Amino acid sequence: MFDVKWIRANPEAFDAGLERRGAEGQSQKIITLDDARKATVQQLNEWQETRNASSKQIGQAKAQGDEEKAQALLAQVADLKSKVQQGEETERLQTAELNDLLAGLPNLLLEDVPAGADENDNVEKSRFAEPRQFNFEPKEHYELGEQLGQMDFEIASKIAGSRFVVLKNGIARLERALGQYMLDLHTTEHGFTEVIAPLLVRSEALFGTGQLPKFSEDAFRTTDDRWLIPTSEVSLTNLVRESMLSHEELPLRFTSLTPCFRSEAGSAGRDTRGMLRQHQFYKVEMVAVTAPDKSLEEHERMLGCAEAVMKGLDIPYRVMRLCAGDMGATMMRTFDIEAWLPGQNTYREISSVSVAGDYQARRMEARYRDENGKPQYVHTLNGSGVATGRALIAVMENYQQEDGSIAIPKVLQPYMGGQTEISAAK
RNA sequence: GGAGAGGUGGCCGAGUGGUCGAAGGCGCGCCCCUGCUAAGGGCGUAGGCGGGUAACUGUCUCGAGGGUUCGAAUCCCUUCCUCUCCGCCA
């Protein structure tokens, strides 16, 4: 959501920003709509001013028992009522048209976001560890899982359809261990507050984080008109909706382990094998709420928190700066962490860490009082820290052994009751 | 699901058709007094949009959205939320 005043003051910058997104400039259209709206409001205000003054006099006249004067005044303002009503109706329509336009616009990108059309134009920012050299042909996670008898896509599809999985035994516990490890890391080392929040949310919440109105087809909707969260970014970010925070309580940092539900509309045929792209998956999410001048450093900090998860697991990864064409609509800058997957012989996204600026805060009416007591919109950030389903894949593929068993990373062993590997037995 | 009661400023809480954007309190800010650990006094203190260099000023906002009225925090309708009792239930 944008500040129309800012667009009025910086129309070229605004249009240039949209063009970097591959969208058309909208400043002229917005300003024209806003001009019309302003003219209506101005006229309306004049009528209301007259009406209010007269009404006050009528009240005084009646209080003094001067019925004659009251009647005379009443006659004077008789036609104002319909004018005001029409003016209000016009303003309503004009405001709605303007807001609908604004609500559908993507966020502007930060200067340092690389230009580009799609993921092939993303730019590597850093890299951790070298891919392990295998003295056998590494398998993909679903081969390993199925051979272990602990990962079952067939029965899942009978129960729920495609893009679901059933995990059992050691693999199931491994995913649980990953979630525990990540949550503990973020809460004890990184200063995040653990949260359990609703998985079903109302439309307003999805609008607040920007999934609505444009991306409704990506999420599942319930028959009672709620939505399954596509990410707990929604629940966690909306924790501050419609609130007035004080500058002392910032930054706020929340983390949560939740299932995420995505319809994956439009990704038919992509990653259909295995559990890389599912309708339901677990993810540890991090959300931060900061003062505007702190959000960029928080972005780097949050990336560090996600990287710490990967370093702890000792899984090779690279950090990518997403290019303009590959970025989500609500964000100003995004860093992806891509884990090395030996079975696929490539890096795949496992975490996405983004700064939204005040884009979401404006939609949610999330503000704080700065040091001078002035209300300001907060900045919001979110990042996966990390997707446990994909982390499971990464652990399985990177820690696989020649006999098809899977070694358990050191940091996870305490969460696995001391178990050091997953084999067909357990 | 049934019956009832409510939603007011950063917070609490008055206010049932006119001078109410809203008493009072808390909190916060500035100032003063006192003088010693605990208090007293004064003033100020919502947000959005618009006009003005500014002082200031117009308008809107009392959960949200409609409506009645010359005029709505106050009346009507819809909706969301909270609380109490009953029912159901992990």
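Since the model is a prediction, treat every value here as computed from it, not as a measurement. Here is the naming used below: chain letters follow the sequence lines, and residue numbers restart at 1 for every chain.
Legend: ring pair (Phe, Tyr, Trp, His ring centres under 6.0 Å) pairs involving residues 363-390 of chain A, not counting sequence neighbours: none detected.
A/Asp34 pairs by the salt bridge (Lys or Arg N to Asp or Glu O under 4.0 Å) definition with A/Arg8, A/Arg37, not counting sequence neighbours. Remark: A/Ser351 pairs with no residue by the side chain to side chain donor-acceptor pair (under 3.5 Å) rule, at least two apart or across chains. Under the salt bridge (Lys or Arg N to Asp or Glu O under 4.0 Å) criterion, A/Asp3 pairs with A/Arg362, sequence neighbours left out.
Here the separation of B/C43 from B/C85, taken at their P atoms, is 45 Å to the nearest Å. A distance of about 24 Å separates the C1' atoms of B/G29 and B/C36, rounded to the whole Å. The same atom, P, is picked in B/C88 and in B/G13; the two are 34 Å apart, to the nearest Å. Remark: the separation of the C1' atoms in B/U82 and B/A23 is 25 Å, to the nearest Å. Taking atom P on both nucleotides, B/G27 is separated from B/C12 by 15 Å, rounded to a whole Å. Look at the P atom in both B/A5 and B/C75: the space between them is 13 Å, to the nearest Å.
Consecutive Watson-Crick or G-U pairing (both distances under 3.5 Å) extending over three or more pairs maps onto RNA chain B as B:1-7 with B:80-86, B:10-12 with B:24-26, B:27-32 with B:40-45, B:46-51 with B:56-61, B:63-67 with B:75-79.
From the 5' end on, the contacts that RNA chain B makes with chain A at under 4.0 Å to a non-hydrogen atom open and close at B/G10 to B/C81.
Between A/Ser352 and A/Asp336, the closest heavy-atom pair is OG-OD1, 2.8 Å.
Between A/Glu89 and A/Leu74, the residue anchored closer to the 5' end of RNA chain B is A/Glu89, taking for each the nucleotide with the nearest heavy atom.
Taking the six-membered ring where tryptophan is involved, the planes of A/His190 and A/Phe192 are perpendicular, since the angle between them exceeds 60° and thus also 30°. Between A/Phe220 and A/His279, the two ring planes are perpendicular [angle over 60°; tilted spans 30° to 60°].
Within 4.0 Å of A/Glu204, counting heavy atoms only, lies no atom of the nucleic acid at all. Residue-level contact check: A/Lys5 touches the backbone only, with heavy atoms under 4.0 Å from sugar-phosphate atoms and none from bases.
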